[in-house]
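One structure is given here, and the rest of the page talks about it.
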Amino acid sequence: MADEQKRFRLSRRLLLGAAVVGGAVLWGGTTVARLARGPSGPKNAGRIADIDGIALPLKPLENAPAFDPSLPWSAKGGDINDASGLSITPVYGVVEVGEEEHIAKALAFARANGLKVSLAAIRHSMGGHAFDDNALVLDLRKFNKVTVDAAAKTMTLQPGARWHDIQNLLHPHFAVKAMQSTDIFSVGGSLSVNAHGMDHQAGSVASSIRSMRVMLADGSVTTCSPTENADLFRHVVGGYGLFGVVLEATLDIVDNAVYRTSREIIKSDDFPKFFAEVLEPNKEIGLFYGHLSTAPGNFLEDMIVYRYDKVADQPPADQPAIGEPGSVGLKRVIINLAKWGSLFQELKWFTEKTLEPKFESCTVARTSAMAEGEACLVTRNNPMHDSVPYLFNDQMDETDILHEYFIPRAAYVEFITEAREILRNQTLPVLNASVRIVHKEDVALTYAPEPAYSLVLYINQPTDADGNARMRALTRALIDVTIKHGGRFFLPYQLHYTAKELLASYPELPAFLAAKRQYDPTELFSSTFYRAIKALSGVA
């Protein structure tokens, strides 16, 4: 009898243990599956409703005009949002532009009916830059033709063209000269913020533009370039869609060079010396990327330097198509786990530092002609062809926000030291941090009045009021330390700055707004962002 009771107790323990293990496995499998899942739909988590205490929403139109049946409306009324998920805004309607005539007719309709016009494509800005309350929104994504002039080494394209598709068109002989480090953006969006990326020698998109055709608010079309209508050029590039609609732009392209990839780990504080002694003088280093640790043990202290040294001007004749990112689900799980605390942040850094090199994709055959032995070779198009699908998830109660801060090169170490302490002493997870090279930019609303380094941050936040409040406090702290060291913050992101911070960072803003009213006297082109910076600058 005693033996039977003992066996019963043993069986019950085994059953309980099996249930616990099974439950843990089931929970773990369900959790991993959830973290690996891609987006099931857009994130619509409300709206950042003010900037520095000034309310942003507008009242609905009292007497909205009837919709012009000759325009290709994709939406009549409704809401629109951006990549933050925190800018949901009611609009008058959305015109799906497919040809130049649609733009001219839409602007004429807006002028005749007292409507504002906003320009949108992929909508990866994060503060209502591509739309406004009650605005007529031009969706330019299908206005995307691209032609290539191989002899002149240029491409002429419409603003809705995506860099991802452009690269596929240029490959294998040519490559983009200047764009962001990821290819998910539209050309029009890149022009509107004067984007920069991995080519530390090429500089920003502005440096690659030969000319642009622009439709102004009155419907007239003009050509501008660095030498023709140069003042308009300086305001359209980096002008956030406020001066006109770019109908087409002609940009430089370059050879699809072959690079030898390498990586090394340095101390963040040693980066200025590394740039001066290694990157800057070596003109054969075609691309560069500096990735900082976000692990608590060496937070913003260690940096992985990825460099791409040119070994040939053109790839072999049999070069395959550009590959898409791999291991998307695994990468998405790792970055989502990093939101859970220090242990998983350490795991992410270990993966980046130790495991990532073992799975490096080498896309060009190692030939004796290139004399590269066992080196890993890629074409220029390969590292620039990252659509970062692993950054997009199905976590509806949170969102990931970009920041970027531009620092005069001599102030880098002091700035990083103070930024590190700010970021350590707050609670939002820092998912990614990188350093880029920025040249002096001669545009009207410049983020770099002198050569600079930029710190790019990708930070997770809950989408509730507390998450917004914490992100606002963090943003202001980082802007203040940037201004302290003579730098500037980038404007395409959330509207969390104060009037004092905006004007200290961009003292030329009043002149920029005056030029806006000169080129667009009725302020036809508008956005939530435009109304925000105008209100903060004190312009009626």
Side-chain angles (χ1 to χ4, degrees), residues 23-49 79-89 122-128 130 181-182 184-185 291 293-296 299 324-352 356 386-404 423 426-434 456-475 492-496:
V25 169
L26 179 63
W27 177 86
T30 303
T31 300
V32 168
R34 179 172 58 85
L35 296 180
R37 196 162 56 226
S40 59
K43 293 184 181 183
N44 285 311
R47 182 177 189 178
I48 305 295
D79 298 323
I80 197 168
N81 212 328
D82 57 32
S84 72
L86 292 168
S87 301
I88 190 165
T89 300
I122 311 298
R123 304 199 304 273
H124 272 290
S125 293
M126 294 183 167
S181 59
T182 60
I184 58 179
F185 308 97
H291 178 64
S293 168
T294 53
F299 187 73
E324 300 299 327
S327 305
V328 171
L330 176 60
K331 291 176 181 177
R332 188 179 285 128
V333 168
I334 291 171
I335 200 162
N336 282 332
L337 283 173
K339 302 167 186 176
W340 290 10
S342 58
L343 175 64
F344 295 105
Q345 284 279 14
E346 295 287 356
L347 173 65
K348 177 175 174 287
W349 177 242
F350 172 79
T351 301
E352 293 162 346
E356 187 181 82
D386 187 359
S387 298
V388 290
Y390 41 87
L391 296 184
F392 305 111
N393 57 58
D394 203 32
Q395 315 300 307
M396 291 298 182
D397 59 349
E398 63 178 47
T399 187
D400 303 323
I401 301 299
L402 276 164
H403 298 231
E404 187 163 5
L423 290 162
Q426 57 86 44
T427 56
L428 298 175
V430 181
L431 303 179
N432 197 66
S434 61
V456 183
L457 301 169
Y458 196 54
I459 303 175
N460 178 256
Q461 69 154 93
T463 53
D464 58 13
D466 176 66
N468 291 334
R470 284 190 281 160
M471 184 62 81
R472 175 162 288 189
L474 173 59
T475 302
Y493 304 127
Q494 286 182 307
L495 308 179
H496 283 327

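Judged by distance alone, the side chain of Gln345 and the main-chain N or O of Val430 form a donor-acceptor pair under 3.5 Å. Between the Arg123 side chain and the Asn81 main chain, a donor and an acceptor come within less than 3.5 Å of each other. The closest donor-acceptor contact from the side chain of Arg332 to the backbone of Phe392 lies under 3.5 Å. In terms of modelled atom types and a separation under 3.5 Å, the side chain of Asp386 and the main chain of Thr182 share no donor-acceptor contact. No donor-acceptor pair closer than 3.5 Å links the side chain of Glu352 to the backbone N or O of Ser293.
Counting heavy atoms from C-beta on, the side chains of Glu404 and Pro492 never come closer than 4.5 Å. Looking at heavy atoms from C-beta onward, Asn44 lies out of side-chain contact with Asp79 at the 4.5 angstrom threshold. With a 4.5 Å cut-off on side-chain heavy atoms, Gln395 and Arg34 count as touching. Between Val388 and Pro325, every side-chain heavy-atom pair lies at or beyond the 4.5 Å cut-off.
For Gly38 against Asp394, the heavy-atom pair with the smallest separation is O-CB, 3.4 Å. Closest heavy-atom contact between Gly127 and Asp82: N-OD2, 3.4 Å. Contact detail for Gly128 and Ser87: the closest heavy-atom pair is N-OG, 3.8 Å. Across all non-hydrogen atoms, the minimal contact from Leu457 to Ala433 is CD2-CB, 3.7 Å. Minimum heavy-atom separation, Pro296 to Ser342: CG-CB, 3.3 Å. Nearest heavy-atom pair across Met396 and Gly41 is CE-O, 3.5 Å.
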Start with the C-alpha gap between Leu423 and Leu474, add the side-chain angles, then the distance that decides, and say whether side-chain contact (heavy atoms from CB on, under 4.5 Å) holds.
-> CA-CA 8 Å; Leu423 290 162; Leu474 173 59; 3.9 Å; yes
Take Gln494 and Arg472 through the side chain to side chain donor-acceptor pair (under 3.5 Å) test and state the conclusion after the steps.
-> CA-CA 9 Å; Gln494 286 182 307; Arg472 175 162 288 189; over 6 Å; no
Please test Glu346 against Leu343 for side-chain contact (heavy atoms from CB on, under 4.5 Å), starting from the C-alpha separation and ending with a verdict.
-> CA-CA 5 Å; Glu346 295 287 356; Leu343 175 64; 5.5 Å; no
List the steps and the verdict of side-chain contact (heavy atoms from CB on, under 4.5 Å) for Thr399 and Met471.
-> CA-CA 11 Å; Thr399 187; Met471 184 62 81; over 6 Å; no
Pair Thr463-Lys43, side-chain contact (heavy atoms from CB on, under 4.5 Å): steps then yes or no | CA-CA 10 Å; Thr463 53; Lys43 293 184 181 183; 6.0 Å; no
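Between the CG atom in Asn336 and the CG atom in Asn393 there is a gap of 4.5 Å [rounded to 0.5 Å]. A distance of 12.0 Å separates OG in Ser84 from OH in Tyr493, rounded to the nearest 0.5 Å. In this structure, Thr475 OG1 and Leu428 CG are separated by 8.5 Å, a value rounded to the nearest 0.5 Å. In this structure, Lys339 NZ and Gln461 CD are separated by 11.0 Å, a value rounded to the nearest 0.5 Å. The OG1 atom of Thr31 lies 5.0 Å from the CH2 atom of Trp340; values are rounded to the nearest 0.5 Å. Distance check: Ile401 CD1 to Ile459 CD1 gives 9.0 Å after rounding to the nearest 0.5 Å.
Partners of Tyr458 by side chain to side chain contact (heavy atoms under 4.5 Å, CB included), not counting sequence neighbours, listed by chain and number: Leu391, Asp400, Leu402, Leu431, Asn432. With sequence neighbours left out, Phe185 forms a ring-ring contact (aromatic ring centres under 6.0 Å, His included) with His124. In this view, Ile334 and Leu330, Lys348, Thr351 satisfy the side chain to side chain contact (heavy atoms under 4.5 Å, CB included) rule, not counting sequence neighbours.
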